[in-house]
Amino acid sequence: MAQLAQVIVDVPTMQTNQPYTYQVPPRLENQVQLGMRVIVPFGNGKRQVQGFVVGLDQPTKYDGQLKAISALMDLQPVINGELLRLSKWLADRTYAFWISSIYTMLPNMLKAKSTRIVRIIDEVDEQTVFDIFHGKDELDFVTVQSNPQIVSRLLKLQRQKKVRFEYVIADQAKPKTTVGIRPQLDFEGLEEARTSLHPNAHAQNRLLSYLQSIVGKTVKQTDAEKVSGLKAVTFNVGVQKGWLAKVPVEVYRTPHSQENLPDDEHLSKPLELNDEQQVAVNKIDQAIDDSQSQVFLLEGVTGSGKTEVYLQSIARALQNHKTALMLVPEISLTAQIVNRVRRRFGSKVAVLHSGLSNGERFDEWRRIERGEAKVVVGARSAIFAPLKDLGIIILDEEHESSYKQDESPRYHAREVAKWRGKYNNAPVVLGSATPSLESRARAMKGVYQLLLLKHRVNKQPLPPIQVVDMRPEIKERGESNFSRELLVKLTDRLARNEQSILMLNRRGFSSFMMCRDCGEVLKCPNCDISLTLHLDSHTMKCHYCGHEEPIPRYCPNCGSREIRYYGTGTEKVEQELSHLIPNARIIRMDVDTTRRKGMHEKLLRQFGQHQADILLGTQMIAKGLDFPNVTLVGVLNADTGLGLPDFRSSERTFDLLSQVSGRAGRADKKGEVIIQTYNPDHYAIRLAQQNDYEAFFKQEMALRHQASYPPYYFTIRIMASHEEEAVAARAMTKIKQELVDNLMPSTIILGPTPRAIARMKRRYYYQIVIKYKQDQRLHSTLQRILQETQSKRRADVQISIDPDPQYFM
DNA sequence: AGCACGCCGACT
DNA sequence: GTCGGCGTGCTC
């Protein structure tokens, strides 16, 4: 039996990022298992913290007195063996704390709330009891923490041993329960009760019959009422007479859309496949059958039926008594795709996305963990779903940068997918119309197997794309977001009662207030970034720290009234559009109109029901939408992303234009696309117009090769920040030297340079970018740099490391 | 993170 | 003398 347990404690710092060894007290000896949560004493005070058991009976070098585990929080492990190993790998790879990577894999509810309580243990004068403790004998320390006077009075009382600081670790993971009905007598006993009933007591008689039908079971009272047709009062009588007991029964918190799941007999049938789809499915099925951890790149144009390939592969995995995981980018995780999976696989499906409450997420997680759900559809973090016996992992739109988490642990879901594929001997399918250059290059080298879908299922040609050069337009007609061609086509659609989608590319866009007299730009006081105007709330907001202030009437610098708004926001475009085409009904979709929960879906539903003629939005409308009545798609400004200092800007522009073009003419009606741009000759725009991914891939690869960027090199970014610019810069110079001294000559080290947004949340940021092919000493060098800089509080410089960064600003 | 310990200036 | 400021080191 286990005597010792290795525990990772919930103290996310560099110095505590290691397992601590605890004794297993005799009363817990047969219960402690790997992956369980425990409460352990930690530190010299009476501090208690939550921790995770990551090892049992491993030898320890520590020669001090071992402490004992205080309590077990779980009866069953919350992390299985696979995920425990994965969490360690993830922490190492992303330079994150082990505890942080454990928490990212679990629903928030499994993170215990730790509270500090101050308790009176000896006579304290009445005034103090009244003032601070409000007449009670204990106090939540958090409520007074920020008041130094109270804190010092409490510390004084502690020294006098009149009060004690205690720790309470409260588990938040509470399953939701409802009232259940449970018969308290057996069949005969209930029959016996019937004999003493008044002849007019029909309801009670019926209750007895009903109870006889559920002897030994527990039924939710709401269900019992429905089935028996009896009222709540009758059940209460039953309780009084001792026939039944009300007991809590566990229920799952399920989001509303899940209520009307198809029952398993009425699932939708698989669709007929074309030859290309059949080839793809056969290859994937073979890998599933052979338990091969092969990675496939499923490259298929919009409408080529990738989803059907996914669904049939999932079905194959289920046939083999395995489970399936399908990731979809958050923004395209719409009801459309979720319902399609649900109609095929019914109640076996669990869905994980950011819209769920903590309770709902926890319950979906438990359905998966218990094996009740065999298919998981979800956004990035669903890659950690506790499915056992994975038979297939699918990443739809694999090129999407949202698969990379932009906070610690900075993991890429694609890398995690490959790890789990290998661990489970399961194939991984990466699907995209415009694969990332990294994936496509691997497919060319044979690391991945390329599966091509060149033809659209409905055999319709892709909509024609027209590129409009905005430069002469502006010269002739002055500043406008709309070219004549686009206006003519919009009006034409309106007359034909067809719909249009307009996309405003906001990537890299700054919309700001500037003084025409002195050139002053209104900036955030905390960050080195201009404030953005929000017409709906009539404020200026900082998109980074959330700072908010009223719209100025006078220039804060020179006092001039000539302070004006520059840049293009959706609101301004909407105003111009409603002026140009007054009778068009417009729905605007951007961060502001969709911030409230459910607004995204609501607006799309309204548009789908043709309550508007034009859907105007930002990038969020480019993905996955499928409206048969849309015959025109316009991109107002195709090139704003091209000027960014980021080697992926062309790739992103090409993706975006390809994606948004796919939104036109989805059904039998012919569609067309208009792209407005100031760079009509740019290869990303020209090749997107020609739908030529292949040519784009070749040209972009040549550029990446020439500039030593991925996929020819790996990249890693180091960031340092400090309140004082010089301190951050100095720390980085030192780090650079250490890198130069230790890394291979073939490794390229760029910087340090101030970041594009050099100041954020009152801190200055510097970065170094490393480009390398392979470098044995890179990992250990970075690890050492982290240790050295973070262990001592070296002037509070914060260092973070981002492997394979998606953005370089 | 939290907490103790230890060293310094300012005060009942 | 003692209180409390913060810099430093440690947590099985």
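Labels below follow one simple rule: chain letters A, B, ... track the order of the sequence lines, proteins then strands, and each chain is numbered from 1.
A stacking contact between Tyr20(A) and dC12(C) is absent: the pair does not combine a ring-centre distance of less than 5.5 Å to the base's six-membered ring with planes differing by less than 30°.
To the nearest angstrom, P of dT11(C) lies 16 Å from CD of Gln6(A). The separation between Arg47(A) atom CZ and dG2(B) atom C1' is 4 Å, rounded to whole Å. If you take CZ of Phe141(A) and P of dA1(B), they are 16 Å apart, rounded to a whole angstrom. Put simply, NZ on Lys46(A) is 14 Å from C1' on dA4(B), counting in whole angstrom units. Distance, Asp796(A) CG to dA1(B) C1': 13 Å, rounded to whole Å. Atom-to-atom, CD1 of Ile8(A) to P of dC12(C) comes out at 14 Å; the value is rounded to the nearest Å. If you measure from atom CD of Gln18(A) to atom C1' of dC10(C), you get 11 Å, rounded to the nearest angstrom. A straight line from CD of Gln15(A) to C1' of dT8(C) spans 11 Å, rounded to a whole angstrom.
Residue contacts for Pro41(A): at a heavy-atom cut-off of 4.0 Å it reaches the sugar-phosphate backbone alone, with no base atom in range.
If you check dC12(C), dA1(B), dG2(B) against the side chain of Thr60(A), the one that comes closest is dC12(C). When distances run from any side-chain atom of Asn44(A) to the nucleotides dA4(B), dC12(C), dA1(B), the shortest one goes to dA4(B).
By the 4.0 Å N-to-carboxylate-O rule, Glu438(A) lies close enough to Arg648(A) to be salt-bridged with it. Ion pairing between a basic and an acidic side chain is recognised when a charged N comes within 4.0 Å of a carboxylate O; Glu415(A) and Lys418(A) show such pairing.
Judged as a salt bridge (Lys or Arg N to Asp or Glu O under 4.0 Å), the pairs with a partner in residues 138-152 of chain A (not counting sequence neighbours) are, in order, Arg119(A)-Glu138(A).
For Tyr22(A) and dC12(C), the shortest distance from a side-chain N or O to OP1 or OP2 is below 4.0 Å.
Note: Phe714(A) and Tyr772(A) have tilted aromatic rings, judged against thresholds of 30 and 60 degrees for the angle between ring planes.
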